[in-house]
Amino acid sequence: EEKEMLERFQQYVDGENKVEPKDWMPEAYRKTLIRQISQHAHSEVVGMLPEANWITRAPSLRRKITLLAKVQDEAGHGLYLYSAVETLGVKREKTIEDLLSGKAKYSSIFNYPTLTWADIGAIGWLVDGAAIANQVMLCRTSYGPYARAMVRICKEESFHQRQGYEIMMTLAFGTPEQKAMAQDALNRWWWPSLMMFGPSDDNSPNSALSMKWKIKRKSNDELRQEFIDKTVPQAEYLGLTIPDPHLKWNEERGHYDFGPIEWEEFYNVISGNGPCNKQRLDARRKAHEEGRWVREAAAAFARKRAMEMQE
Ligand code: FAQ
């Protein structure tokens with residue numbers, strides 16, 4: 001009977017239908033969604049930290065307002081995604097506990113430091129650019145609540161990407177010192193941005209099932225290539241050099257060829273040993289403790305309101 005259910009589920013998904021929270025789904029489908037969506041939510045929240053580092057030092061009021069709005073958007077994305085995880089039958093408190101204990105993953109990219117203002121430009125341009133490439137495909141993911149959250153998140157990410165590229169334009173077309181800052185930021189963020197797409201397809205244990213069930217609609221390597229193809233002309237426009245001597249247009253493939261990725265660095269970062277992993281988790285733990293009274297007060301207020309409604 002289980003086999004029959006599985007077959008029917010596959011047909012349903014193959015027919016481009018959305019799976020909704022109360023529908024029957026294979027346990028492995030539920031599990032991998034809980035894993036991916038909660039990691040995604042954690043990434044949005046931890047992702048606020050590298051940029052928050054520059055809010056108080058933004059070079060103008062206008063830049064400060066824009067950056068503040070962007071960082072607040074990321075908090076919002078985290079909240080939609082925690083809500084989407086809850087539709088799968090886990091409490092958000094549990095997923096957050098897993099983040100704070102170091103058990104759950106979040107995107108490798110947020111374990112790198114933001115050393116100069118140009119990093120804020122590079123993050124918007126490259127990190128949000130990579131996030132969009134990945135999330136546009138997730139707008140068509142088979143799980144309804146995740147797909148719908150992605151539509152709105154993508155709209156906001158496009159604004160973030162332009163915000164970053166505009167900072168890069170200002171710097172790249174500015175003084176030689178500003179241009180050098182932009183180049184330095186590109187040098188440091190390029191390779192980590194390519195790692196955001198995850199391991200190469202032949203080393204990606206979750207891909208087979210996720211593709212079969214249409215949770216993922218494009219493979220890690222496909223998306224990485226799309227991102228490179230889209231970004232190279234943007235770097236050329238800025239007059240900046242991508243730090244990859246092997247980068248070259250391949251007429252036959254219709255894509256850019258690129259040099260080898262240092263996977264050892266990637267695995268080192270996702271196993272907790274990147275340059276800022278400890279700092280990021282310490283910051284989240286501190287924020288969680290300091291916010292405890294707010295959560296308790298909100299819960300007490302909700303209980304009081306519920307009692308008043310009964311009377
Ligand atoms: N970092 O078998 P696969 C943002 C893990 S954008 C850390 O290929 P899968 C916006 C993977 O979880 C960033 N871990 O896995 C923003 C798995 O470990 P597990 C967030 C990674 O799931 C911008 C193992 O390696 N976006 O936040 C990474 O099929 C600016 C094997 O990998 C998303 O999360 C990595 N880069 O494919 C915010 C998008 N890559 O769980 C602020 C949704 C892989 O088995 C500022 N997620 N791993 O222990 C996805 O599309 C997928 O989960 C992939 C990985 C593509 C990331």
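We're numbering straight along the sequence, starting at 1. Just so you know, ligand 1 is whichever comes first in the structure, and atom 1 is the first atom listed for that ligand. Everything numeric here is computed off the predicted structure, so don't read it as measured data.
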Residue portion contacting ligand 1 (non-hydrogen atoms closer than 4.0 Å) for [X]:
| X | value |
| --- | --- |
| P199 | side chain |
| I270 | side chain |
| N220 | side chain |
| E74 | side chain |
| M48 | neither |
| K70 | side chain |

Practice problem: Look up atom CD in E86 and atom CD in E93, then write down how far apart they are to the nearest 0.5 Å. | Solution: 6.5 Å
Answer with yes or no whether the side chains of [Y] and [X] bring together a donor and an acceptor at under 3.5 Å.
| X | Y | answer |
| --- | --- | --- |
| Q225 | D229 | yes |
| R92 | S83 | yes |
| R35 | S210 | no |

Measuring from [atom], which candidate in [options] has the nearest non-hydrogen atom?
| atom | options | value |
| --- | --- | --- |
| atom 56 (C) of ligand 1 | F197, F266, Y106 | F197 |
| atom 40 (N) of ligand 1 | G47, S38, A104, G198 | G198 |
| atom 27 (O) of ligand 1 | S43, G124, A41, S207 | S43 |
| atom 19 (P) of ligand 1 | M196, K105, E51 | K105 |
| atom 31 (C) of ligand 1 | G78, A75, P205 | P205 |
| atom 51 (O) of ligand 1 | N134, L49, D73 | N134 |
| atom 43 (C) of ligand 1 | R35, K218, E156, H40 | H40 |
| atom 23 (C) of ligand 1 | I123, D128, L126, I37 | D128 |

When you compare ligand 1 with [X], is there at least one nitrogen or oxygen pair between them that comes in under 3.5 angstrom?
| X | result |
| --- | --- |
| S108 | yes |
| Y146 | no |
| A131 | no |
| Q135 | no |
| S210 | no |

Self-check item: Student check: side-chain heavy atoms of E44 and Y80 closer than 4.5 Å
Solution: no
Exercise. Work out which heavy atom in Y143 is nearest to a heavy atom in A84; give both atom names and the distance.
Key: CE2-O, 4.4 Å
Quiz item: How are the rings of W263 and F266 set relative to one another: parallel (under 30°), tilted (30 to 60°) or perpendicular (over 60°)?
Solution: perpendicular
Quiz item: What class does the angle between the rings of F9 and Y29 fall in, given that below 30° is parallel, 30 to 60° is tilted and above 60° is perpendicular?
Solution: perpendicular
Quiz item: Of all residues at least two apart in sequence or in a different chain, which pass the side-chain contact (heavy atoms from CB on, under 4.5 Å) check with E226?
Solution: K218, L223
Quiz item: Of all the atoms in ligand 1, which lie at a distance below 4.0 Å from a heavy atom belonging to M195?
Solution: 36 (N)
Practice problem: With heavy atoms of V127 as the reference, note each atom of ligand 1 found under 4.0 Å away. | Solution: 23 (C), 30 (C)
Quiz item: Hey, do the aromatic rings of H42 and Y82 have their centres closer than 6.0 Å?
Solution: yes
Self-check item: Contact list for residues 185-201, test side-chain hydrogen bond (donor to acceptor under 3.5 Å, both in side chains), sequence neighbours left out
Solution: D119-R188, D119-W189, Q183-N187, D184-R188, S200-D202, D201-S219
Exercise. State yes or no: do L194 and W125 share one hydrophobic cluster built from I, L, V, M, F, W and Y residues joined by side-chain heavy-atom distances below 4.5 Å, directly or via other members?
Key: yes
